[in-house]
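Here's the structure we're looking at; comments come further down.
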Amino acid sequence: MVHQTISASTTSASNASSKISPMKLTLLRLVMTALIVGTLAACSTPPAPSPAQPGAIAAAPATGGTAIPGDTAPLPPPLVQPRSRWVPVRWAELPGFADDALHEAWNAWIKSCERPRPPFTALCGEVRQLSIASTDEQRAWMVRRLQPYRVEAADGNAEGLLTSYYEPMIDAARQPGNGYTVPVYGLPVGHGARKPWFTRQQIDTLPEAQAALQGRAIAWLRDPVESMVLHIQGSGRLQITEADGRITTVRVAYAGTNDQPYQSVGRWLLDQGATRDATWPGIRAWLNANPQRTNELLWSNPRYVFFREEPLSPLDAQFGPRGAQGVPLTPGRSIAVDRQSIPYGTPVWLASKGPQVSMQRLVMAQDTGSAIVGAVRADYFAGWGPEAGELAGRLKQGLRLWALWPR
């Protein structure tokens, strides 16, 4: 799954210090507690970070909190990634570590174990065994087997940005008509032979582009804005009215793009001075007031996403789409990261506090996105449906991250 995010006008928040609040994540908690811990094969992550470079700063001391039992070993040297520096810290630095419901994250961790690569491969057997352990046992194991590192930019800045994404649920039809006029396309004929391919505006208007897409529509939507949301999120669930009248639910997953640059429609509105609220609710409000400018808004983003249809079994429906790591995403416990800062499959401690949510919890780095760039940068997978969409449309606030690496 490769997604983008829209720019918003919300100001980044200060350091996080509170654990997850109920707010609109109640549904996600219920989904999480119902997840099935299946039998899985193996686990993975990309290669270990490179050794500390000469001149790297010394480890920073813990910034407060009660010492964690068992966390007494000498701290290792810092580690350096292409776009971040990892500074070793004591577990006591991680806000809320003693309070998180770690069992909720274990489902996501076991999913990461479906893609075995070092250095986490050796831990996957233990991770599976701990799926039925108590939270205290899971926490003690983490302290014994993992070393937390504060993720910083090269200049030492440990503050970053948290946004959110989700899997939209959209009504669709298998054939155009009765108000369903917006196609969801699979890859066009000859995709890859021409790079970049036609822009979004050209796809909508040029006979040559439309000819290459003839017969490639998976389904049809009513609303071009819903189509844009689907393109930005990179995946979605379609409730399709079939030709015989049956209603089926399928997933459409990311298959490729036209290789054009991504431009935020929210940023376009801000640059136009058209609105001060570039969240999705704000964008929809502007479009309701300016329907004649719908194409102008949509065409400001030349990137176009193509999809593939996937069946949605009852088990698949309890997880999100497959992220860039190649494993299904877990609502509330999967994040997209810059893989040049944090390798896929890395368990991460996330702390953020702001007007939308306040959270401090264990998450897994399992996805990426074209707008997810930087040392301390994460996109939080909120799940699917309207409540997840409401959170994803508004979340933009401050962030701190700690990578948890095998000792």
Side-chain angles (χ1 to χ4, degrees), residues 1-6 24-32 34-36 104 107-108 111-112 162-172 182 184-186 218-219 221-223 225-240 247-257 262 279-281 283-284 303 305-337 356-357 363-372 378-395:
M1 180 175 183
V2 177
H3 63 280
Q4 299 87 31
T5 58
I6 62 171
K24 294 180 180 177
L25 297 182
T26 300
L27 178 60
L28 300 185
R29 285 187 173 278
L30 294 175
V31 172
M32 289 298 305
L35 296 181
I36 299 172
E104 295 181 0
N107 295 289
K111 284 296 181 185
S112 275
L162 178 67
T163 52
S164 180
Y165 67 117
Y166 78 116
E167 193 175 27
M169 299 181 67
I170 305 173
D171 289 335
V182 183
V184 177
Y185 282 125
I218 297 171
L221 311 182
R222 287 193 182 99
D223 184 356
V225 178
E226 285 188 331
S227 175
M228 175 65 79
V229 172
L230 179 64
H231 284 218
I232 290 175
Q233 301 304 318
S235 174
R237 301 182 184 200
L238 303 185
Q239 295 177 308
I240 298 180
I247 305 280
T248 59
T249 302
V250 303
R251 172 174 280 143
V252 283
Y254 173 93
T257 74
Y262 171 76
T279 64
W280 276 114
I283 292 170
R284 287 188 179 279
R303 174 164 290 186
V305 176
F306 304 108
F307 298 90
R308 65 176 181 274
E309 181 177 336
E310 296 181 351
L312 200 62
S313 72
L315 179 58
D316 291 335
Q318 296 185 61
F319 291 90
R322 290 184 180 272
Q325 187 191 353
V327 302
L329 304 177
T330 301
R333 296 293 178 166
S334 296
I335 59 171
V337 296
Q356 301 303 322
V357 295
V363 294
M364 299 296 298
Q366 295 176 324
D367 202 5
T368 194
S370 61
I372 313 305
D379 213 20
Y380 175 83
F381 180 62
W384 46 86
E387 293 192 20
E390 178 72 14
L391 174 64
R394 294 189 179 279
L395 184 59

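The first residue in the sequence is number 1, and the count goes up from there.
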(request) For Phe307 and Ile218, run side chain to side chain contact (heavy atoms under 4.5 Å, CB included): C-alpha distance rounded to whole Å, both residues' side-chain angles, the deciding distance at 0.1 Å, then the answer. (result) CA-CA 8 Å; Phe307 298 90; Ile218 297 171; 4.1 Å; yes

(request) Applying salt bridge (charged side-chain N to carboxylate O under 4.0 Å, His left out), name anything that partners Arg284, two or more places apart in sequence or on another chain. (result) Asp223

Can you name the side chain to side chain donor-acceptor pair (under 3.5 Å) partners of [X], sequence neighbours left out?
{"X": "Thr249", "value": "none"}
{"X": "Glu309", "value": "Arg174"}
{"X": "Asp316", "value": "Ser313"}

When rounded to the nearest 0.5 angstrom, what distance separates [atom1] in [X] from [atom2] in [Y]?
{"X": "Ile335", "Y": "Met364", "atom1": "CD1", "atom2": "CE", "value": "9.0 Å"}
{"X": "Leu391", "Y": "Thr163", "atom1": "CG", "atom2": "OG1", "value": "10.5 Å"}
{"X": "His231", "Y": "Thr257", "atom1": "NE2", "atom2": "OG1", "value": "11.0 Å"}
{"X": "Asp379", "Y": "Gln233", "atom1": "CG", "atom2": "CD", "value": "8.0 Å"}
{"X": "Lys111", "Y": "Ser334", "atom1": "NZ", "atom2": "OG", "value": "10.5 Å"}
{"X": "Met169", "Y": "Gln239", "atom1": "CE", "atom2": "CD", "value": "4.5 Å"}

(request) Applying side-chain contact (heavy atoms from CB on, under 4.5 Å), name anything that partners Ala392, two or more places apart in sequence or on another chain. (result) Ser164, Tyr166

How far apart are the closest heavy atoms of [X] and [Y], and which atoms are they?
{"X": "Val182", "Y": "Ser227", "result": "CG1-CB, 3.6 Å"}
{"X": "Ile240", "Y": "Ala219", "result": "CD1-CB, 4.0 Å"}
{"X": "Gly320", "Y": "Trp384", "result": "N-CZ3, 3.7 Å"}
{"X": "Ser112", "Y": "Gln366", "result": "OG-NE2, 2.8 Å"}
{"X": "Gly393", "Y": "Pro281", "result": "O-CD, 4.5 Å"}

Side-chain contact test, heavy atoms from C-beta onward, threshold under 4.5 Å: evaluate it for [X] versus [Y] and give yes or no.
{"X": "Phe381", "Y": "Thr330", "value": "no"}
{"X": "Tyr165", "Y": "Ile232", "value": "no"}
{"X": "Pro168", "Y": "Glu226", "value": "no"}
{"X": "Ile372", "Y": "Asp367", "value": "no"}
{"X": "Met228", "Y": "Trp280", "value": "yes"}

(request) Check ring pair (Phe, Tyr, Trp, His ring centres under 6.0 Å) between Tyr185 and all other residues, then give those that pass, not counting sequence neighbours. (result) none

(message) Determine whether a donor-acceptor pair (N or O, by modelled atom type, separation under 3.5 Å) exists between the side chain of Glu167 and the backbone of Arg251.
(response) no

(message) Quick one: does any side-chain atom of Arg322 pair with a main-chain N or O of Ala253 as donor and acceptor, under 3.5 Å?
(response) no

(message) Run the side chain to side chain contact (heavy atoms under 4.5 Å, CB included) test on Leu238 and Ile170 for me, step by step, so that the C-alpha distance in whole Å, both residues' side-chain angles and the decisive distance to 0.1 Å come before the verdict.
(response) CA-CA 5 Å; Leu238 303 185; Ile170 305 173; 4.0 Å; yes

